[in-house]
Every structure is written in C-alpha cells, then in structure tokens.
Amino acid sequence: MPRIDLHTHTNTSDGTDTPEELVATAAAAGVDVLAVTDHDTTGGWDRAAAALPSGMRLVRGAEFSCVSDDGRGGRVSVHLLGYLFDPTHPAITAEQERLRGERVARLRGMTAKMADAGYPVDTEKVFSFLPEGATAGRPHLARALVAAGVVESVDQAFAELLYTGSPFYVPKADTPVVRAVEMIGDAGGVSVFAHPLARKRGRVVEPSVIADLAALGLTGVEVDHRDHAPDDRALLRGLAAETGLVMTGSSDYHGSNKTIPIAAETTDPEQFEALVAKAGGVEVLTG
Ligand code: AMP
Ligand code: FE
Ligand code: FE
Ligand code: ZN
C-alpha cells in the first residue's frame with residue numbers, strides 16, 4: 001500500500017529541511033506520495049519538484065492562515081490546507097503576499113516585546129533563521145530562544161513563552177476561512193481543514209463549523225494528526241461520513257522544529273484518490 005503524507009513543511013516556512021532535504025527525507029522513509037504545504041507560500045514548489053526522486057509523486061499545496069467563527073459566538077485562528085490550486089491565481093498570490101507581510105510585522109512585534117522584557121533576542125538574530133523570501137513564524141523566534149539558551153527546545157518555547165495568548169503574543173490578520181475555501185476552489189484546488197481539533201494549541205471550533213464549511217465547498221478534513229486525541233479522531237470520522245468530506249492523515253512534519261517524523265501519520269489511498277479527483281488547478285507530479 002502506498003505511503004501518503006499530505007502535510008509537511010520546509011524552510012520556505014517554519015520547517016528546517018530545505019525542499020531538497022524534505023524530498024530526500026520522504027524518500028528515505030519510503031513515502032510514495034508527498035505533499036509540500038508551507039505556510040502562506042508556494043515558494044518551495046519548484047525546488048521540491050526538481051528534486052523529486054523517480055517514482056515519488058508530489059502534491060503541491062500550502063497551509064493558509066485563517067480565522068473562523070468558533071460556533072460559540074467567538075472567533076478562532078485555524079489552518080486550511082489547499083492542494084493542487086493554480087499558484088498564479090491573483091486572489092491567492094495577493095492574499096499570500098499580504099499574510100507574509102503581516103507575519104514579518106507580527107514576528108518583529110513579538111521579538112520586541114521579549115527584548116523589552118529583558119530576553120536576549122533581537123530581530124536580526126530571529127530573522128537569521130529565515131531564508132530570503134520564506135514565511136516568518138513563531139518557530140523562528142523559538143529557535144532564537146533555544147540558541148540563546150533561554151529554553152531547551154522549540155516545544156518548551158511554545159509551552160512557556162510563545163503560546164497563543166501569552167504576554168508576548170501578537171495576533172495577525174488572517175483570512176476568513178470561508179473566503180479561503182472559495183479562493184482555493186476558484187483556483188482549481190481542493191481544501192482540507194488542518195488539525196481542526198488540536199486542543200493543545202488553544203481553543204478549537206465546534207464540529208458544526210466543519211459541517212457548515214463542508215456545505216460551502218470544503219473538500220476534506222485532517223483526521224489523523226498527532227495533536228488529535230483518539231476520541232476526536234472518531235468524532236471527525238463520523239462527521240466526514242455524514243458530510244461527505246474526504247479524510248486525510250498526515251505528519252505535519254517540520255524537520256527538527258517538531259519531534260514528529262515524516263509519515264508518522266498517513267492518508268488512506270482511496271481517500272487520496274477521492275481528493276485528487278476533485279482537483280484541477282495543477283497536476284500531481286511524478287518523479
Ligand atoms: P505561527 O504560524 O507564527 O502562528 O506559529 C504557529 C506554528 O508554530 C505552527 O505552524 C507550528 O509549526 C508551530 N507550533 C505551534 N505550536 C507548537 C508547539 N507547541 N511546539 C512546537 N511548534 C509549535
Ligand atoms: Fe508550522
Ligand atoms: Fe497547521
Ligand atoms: Zn502545518
């Protein structure tokens with residue numbers, strides 16, 4: 001059975017592998033189908049494609065930073081995976097560029113707050129972990145904190161200092177998730193709600209929000225993800241069966257910024273075929 005991992009990051013966003021290294025890591029782990037899904041950018045697509053080993057298939061995607069109603073009268077930040085969309089679609093290029101700018105300003109803001117509180121971090125050091133043109137994220141600040149000896153790991157930096165709502169947290173203006181679903185669909189792609197019940201990251205949406213999005217064109221939901229508890233996975237499977245959403249499973253690999261290995265969670269081949277059958281912006285590439 002093919003090994004399919006539909007959610008991974010490179011150093012074009014907050015992973016630590018280059019696109020070439022990501023593809024090599026996937027090959028070494030026996031991955032047959034790999035999706036590259038950096039935050040708010042398609043900048044790693046061409047390098048991953050050029051490095052594709054013979055026989056491996058590459059699904060080009062991105063993880064969109066969104067905001068959603070939480071189903072309880074509030075708002076919550078969520079992630080939406082978009083796959084196989086046309087990367088030159090004007091609405092997508094404009095929104096991704098805006099978000100990357102938003103992220104740079106926000107990371108500077110968080111760094112300044114920490115420096116003001118006496119932590120040994122500065123903008124230059126934080127941005128030294130960010131290749132030219134890559135998407136900025138809190139993991140870059142986390143790495144600067146590890147390098148300065150403030151914490152021992154990226155995980156510890158998030159748990160103690162960088163979590164959503166911490167005194168150093170600065171929000172960013174994310175895309176309304178309904179708009180993102182529409183934009184990805186307009187560009188010929190398919191959309192999958194990423195880790196919707198990752199409760200350790202903060203508040204999550206009510207299941208009714210996912211069902212409402214399914215009616216508005218959402219294609220799938222990420223069920224098997226490390227941050228999902230067994231009962232939440234079962235709940236999402238039931239929801240997908242009721243609403244016709246495709247179910248995926250993925251590692252959300254970030255290189256050494258997270259401890260999860262590539263392909264630690266995978267997608268069922270039939271579900272993958274159902275997902276691809278609905279997409280038409282760009283092709284699945286074969287090495
Ligand atoms: P940002 O995109 O700047 O809001 O930062 C969120 C990113 O930080 C996520 O995409 C993850 O890659 C990472 N992240 C979130 N929570 C943790 C955590 N507890 N430990 C390590 N990385 C995390
Ligand atoms: Fe990330
Ligand atoms: Fe995510
Ligand atoms: Zn991710």
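Read the numbers this way: they start at 1 and go in the same order the structure lists the ligands and their atoms.
- Inspection of the environment of the Fe ion (ligand 3) yields the following protein N, O or S atoms under 2.8 Å: E63 OE2, H79 ND1, H195 NE2.
- Side-chain contacts under 4.5 Å among hydrophobic residues (ILVMFWY), followed directly or transitively, place F129 with no other residue at all.
- Scanning the protein heavy atoms around atom 2 (O) of ligand 1, the nearest turns out to be R103 NH2, 3.0 Å.
- Here R199 pairs with D232 in a salt bridge; the nearest charged N to carboxylate O distance falls below 4.0 Å.
- The R106 neighbourhood of ligand 1 comprises atoms 1 (P), 3 (O), 4 (O), with distances under 4.0 Å to a heavy atom of that residue.
- Nearest protein heavy-atom contact of atom 12 (O) of ligand 1 is H254 NE2, 2.7 Å.
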Q: Begin with the C-alpha distance, continue with both residues' side-chain angles, and end with the deciding distance and a verdict on side chain to side chain contact (heavy atoms under 4.5 Å, CB included) for S251 and T8.
A: CA-CA 7 Å; S251 66; T8 70; 4.2 Å; yes
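- Near V154, with a cut-off below 4.0 Å to any heavy atom, the atoms of ligand 1 are 21 (C).
- Remark: ligand 1 and H79 share no N or O pair separated by less than 3.5 Å (distance only, no angle test).
- Taking a cut-off of under 4.0 Å to the non-hydrogen atoms of H39, the atoms of ligand 1 that pass are 10 (O).
- The existence of a salt bridge linking K172 and D174 is confirmed by a sub-4.0 Å separation between a basic side-chain nitrogen and an acidic carboxylate oxygen.
- Among residues two or more places apart in sequence or in another chain, the side chain to side chain contact (heavy atoms under 4.5 Å, CB included) test is passed with E21 by D17, T18.
- From the protein, the heavy atom lying nearest to atom 13 (C) of ligand 1 is F158 CZ, 3.6 Å.
- Applying the ring pair (Phe, Tyr, Trp, His ring centres under 6.0 Å) test to every pair with at least one member in residues 66-112, sequence neighbours left out, gives these pairs: H39-H79, W45-F85, F64-F85, H79-H195.
- Considering just the N/O/S atoms of D14, the one nearest the Fe ion (ligand 2) carries the name OD2.
- Pairing each heavy atom of P269 with each of I4, the nearest pair is CA-CD1, 3.6 Å.
- For E63, no heavy-atom contact with ligand 1 is shorter than 4.0 Å.
- Looking at L141, D155, V170, T135 and measuring to atom 21 (C) of ligand 1, the nearest heavy atom belongs to D155.
- A salt bridge does not link R226 with D252: every distance from a Lys NZ or Arg NE/NH1/NH2 to an Asp or Glu carboxylate oxygen is 4.0 Å or more.
- A48 and P19 get closest at one heavy-atom pair: N-CB, 3.7 Å.
- Ion pair R103/D40 flagged as a salt bridge, since at least one NZ, NE, NH1 or NH2 atom sits closer than 4.0 Å to an Asp/Glu carboxylate oxygen.
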Q: For the pair R237 and D224, evaluate salt bridge (charged side-chain N to carboxylate O under 4.0 Å, His left out) and give the outcome as yes or no after the intermediate values.
A: CA-CA 10 Å; R237 277 183 218 290; D224 290 313; 2.9 Å; yes
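- Annotation: atom 6 (C) of ligand 1 to nearest protein heavy atom, R138 NH2, 3.7 Å.
- Heavy-atom contacts of G137 reach the following atoms of ligand 1: 3 (O) (cutoff under 4.0 Å).
- Ligand 1 lies nowhere less than 4.0 angstrom from a heavy atom belonging to H9.
- Under a cutoff of 6.0 Å and an axis angle of 45°, R138 and Y169 do not form a cation-pi pair.
- In terms of polar-atom proximity, D14 is counted as a contact of ligand 1, with an N or O under 3.5 Å from an N or O of the ligand.
- A side chain to side chain contact (heavy atoms under 4.5 Å, CB included) with V192 is found for exactly one of L80, L245, L275, V246, namely L275.
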